[in-house]
**Student:** 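Have a look at this one before I ask anything.
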Amino acid sequence: MTATLLRTAADLHARARTGRRAVVMTMGALHEGHATLIRTARKIAGPEGEVVVTVFVNPLQFGAGEDLDRYPRTLDADVELAGRSCADAVFAPSVDEVYPGGEPQVRISAGPMGERLEGAARPGHFDGMLTVVAKLLHLTRPDVALYGHKDAQQLALIRRMARDLNFGVEIVGVPTVREEDGLALSSRNRYLSPAERRTALALSQALFAGRDRHAAQEALRARAREVPATRARAEALSAIGESRAAADAHAVATTAGGPAAVRAAARLVLDEAARLDPPLRLDYLALVDPSDFTEIGDDFTGEAVLAVAARVGATRLIDNIPLTFGPFGDAS
């Protein structure tokens, strides 16, 4: 399948629409993570619908000293990958097309959620991101727009904007795509040297360590539920050789676990990576409520996000995984 390259909103609006339009927004330098988004959009739009991929490197979301000038621009390859992934069109507008009067005087504010984590590390980033997302939603007029879970805070803010400002579009999140070694796919991975890439694996390894610690704790808690609390029942189990297992299960289930244990397990991996050559320089490790990206307490129950951001060499990377907490909840 060949994707049609469009440069103006007028050209996009001139296309006949017979079904749902699904839009995947990107800054280009497309990889398999983007391809997964596009293929998912194709399934949602169906054979009668239309999939549009936007390619626009938005200057508003790059701060001073960030990599706007060196951000990879590979439009020909992007159009080819989009077509192979069953996109109908690639909308690649110029800066003048998106911001015809220069930088906009009126912008979307990300509010308090946009000042946390990524927003604290990159002031103004989310205001610029939401402003261009709002512009592109108006320019492309989709029925549904898809974004990756890897940028979890971005996805949460887009969902909040669409809800708070009554955008008539469905927002769909698509799970993170990883390379075989666990590194989350990112256009910035190409900046890493082989040694830097080895260090960068600590991001995903820290997340998996936190996840595995949580899963082990939940498994032991489930086992503890099956262990009797009364002395008579304990003695009965002892007679068949299960008292040690019962004691072990109770001991682990009642020790510090939950969010504190998850954070500790992840931080141990990151601390070790800080001593590598080249070292990992941590920006933040956070375990947050996805509704507002505030840190969760030890008594939290429900869905959470374990998120990390760090620099390796000159490259800044982010990653996250979802977790579920409950009195005897399941690990995700």
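We number each residue from 1, following the sequence as shown. Not measured: the values here are computed from a predicted model.
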**Student:** Donor-acceptor pair, Asp127 side chain versus Ala110 backbone, under 3.5 Å?
**Tutor:** yes

**Student:** Hey, is the main chain of Glu48 close enough, under 3.5 Å, to the side chain of Thr18 for a donor-acceptor pair?
**Tutor:** yes

**Student:** Distance only, no hydrogens: is a donor on one side chain within 3.5 Å (strictly under) of an acceptor on the other, for Asp96 and Ser94?
**Tutor:** no

**Student:** Please report the interatomic distance CD1(Ile158) to CD(Gln153), rounded to the nearest 0.5 Å.
**Tutor:** 11.5 Å

**Student:** Search all heavy atoms of Ala22 against all heavy atoms of Leu146 and return the closest pair with its distance.
**Tutor:** CB-CD1, 4.1 Å

**Student:** With heavy-atom distances below 4.5 Å as the criterion, would you say the side chains of Arg311 and Thr315 are in contact?
**Tutor:** no

**Student:** Is there a donor-acceptor pair closer than 3.5 Å between any side-chain N or O of Asn189 and the backbone N or O of Ala184?
**Tutor:** yes

**Student:** Give me the atom names and distance for the closest heavy-atom approach of Phe62 to Arg188.
**Tutor:** CE2-NH2, 3.9 Å

**Student:** Nearest 0.5 angstrom please: Leu185 CG to Leu30 CG, how far?
**Tutor:** 12.0 Å

**Student:** Mind checking whether Ile108 and Phe126 have side chains closer than 4.5 Å, heavy atoms only?
**Tutor:** no

**Student:** Counting only N and O atoms by type, is there a donor-acceptor contact under 3.5 Å from the side chain of Asn58 to the main-chain atoms of Gly128?
**Tutor:** yes

**Student:** Does a side chain donor of either Glu303 or Thr324 reach within less than 3.5 Å of an acceptor in the other side chain?
**Tutor:** yes

**Student:** Measure the shortest side-chain to side-chain distance between Val23 and Thr54 over non-hydrogen atoms and say whether it is less than 4.5 angstrom.
**Tutor:** yes

**Student:** Do Arg122 and Gln61 make a side-chain contact, defined as non-hydrogen atoms from C-beta onward lying under 4.5 Å apart?
**Tutor:** no

**Student:** Between Gln217 and His214, is there a donor-acceptor pair closer than 3.5 Å when you use the side chain of the first and the backbone of the second?
**Tutor:** no

**Student:** What are the two closest heavy atoms between Ser187 and His34, and how far apart are they?
**Tutor:** OG-CE1, 3.9 Å

**Student:** Kindly state each residue pair satisfying ring pair (Phe, Tyr, Trp, His ring centres under 6.0 Å) with at least one member in residues 264-319, sequence neighbours excluded.
**Tutor:** none

**Student:** Side chain of Lys150, backbone of Val177: donor and acceptor closer than 3.5 Å?
**Tutor:** no

**Student:** Measure across Ala45 and Val51 and return the closest heavy-atom pair with its distance rounded to 0.1 Å.
**Tutor:** CB-CG2, 4.1 Å

**Student:** Any carboxylate oxygen within less than 4.0 angstrom of a Lys/Arg side-chain nitrogen, looking at Asp319 and Arg178?
**Tutor:** yes

**Student:** Ignoring hydrogens and angles, tell me if any N or O in the side chain of Thr74 forms a donor-acceptor pair with the backbone of Ala77 under 3.5 Å.
**Tutor:** no

**Student:** Taking the side chain as everything from C-beta on, heavy atoms only, tell me whether Arg197 gets closer than 4.5 Å to Glu179.
**Tutor:** yes

**Student:** Identify the two heavy atoms, one from Leu287 and one from Leu323, that lie closest to each other, and give their separation to 0.1 Å.
**Tutor:** CD1-CD1, 4.2 Å

**Student:** Got a salt bridge between Arg213 and Glu218, using NZ or NE/NH1/NH2 to carboxylate O under 4.0 Å?
**Tutor:** no

**Student:** Do the side chains of Asp283 and Arg316 get close enough for a salt bridge, i.e. N-O under 4.0 angstrom?
**Tutor:** yes

**Student:** Any Lys/Arg nitrogen of Glu50 or Arg42 sitting under 4.0 Å from an Asp/Glu carboxylate oxygen of the other?
**Tutor:** no

**Student:** I'd like to check Leu60 versus Pro104 (side-chain heavy atoms, cut-off strictly below 4.5 Å). Are they in contact?
**Tutor:** yes

**Student:** Quick check: closest heavy atoms across Ala310 and Leu203, and the distance to 0.1 Å?
**Tutor:** CB-CD1, 4.1 Å

**Student:** Are there over 12 heavy-atom neighbours, none belonging to Asp76, within less than 6.0 Å of that residue's CG?
**Tutor:** no

**Student:** Ring centroid separation for His138 and Phe167, is it under 6.0 angstrom?
**Tutor:** yes

**Student:** Main chain of Arg21, side chain of Asp143: is a donor-acceptor contact present, judged purely on distance under 3.5 Å?
**Tutor:** yes

**Student:** Decide yes or no for Tyr147 and Leu37: does some side-chain heavy atom of the first lie under 4.5 Å from some side-chain heavy atom of the second?
**Tutor:** no

**Student:** So do Thr176 and Ile321 actually touch side chain to side chain, heavy atoms under 4.5 Å?
**Tutor:** no

**Student:** Evaluate Arg263 against Ile296 for side chain to side chain contact (heavy atoms under 4.5 Å, CB included), listing each step before the verdict.
**Tutor:** CA-CA 11 Å; Arg263 292 186 182 97; Ile296 64 173; 3.7 Å; yes

**Student:** May I ask you to say whether Arg15 pairs ionically with Asp88, meaning some side-chain N is under 4.0 Å from a carboxylate O?
**Tutor:** no

**Student:** Only one of Val52, Asp11, Thr140 forms a side-chain contact (heavy atoms from CB on, under 4.5 Å) with Leu6, so which one is it?
**Tutor:** Asp11

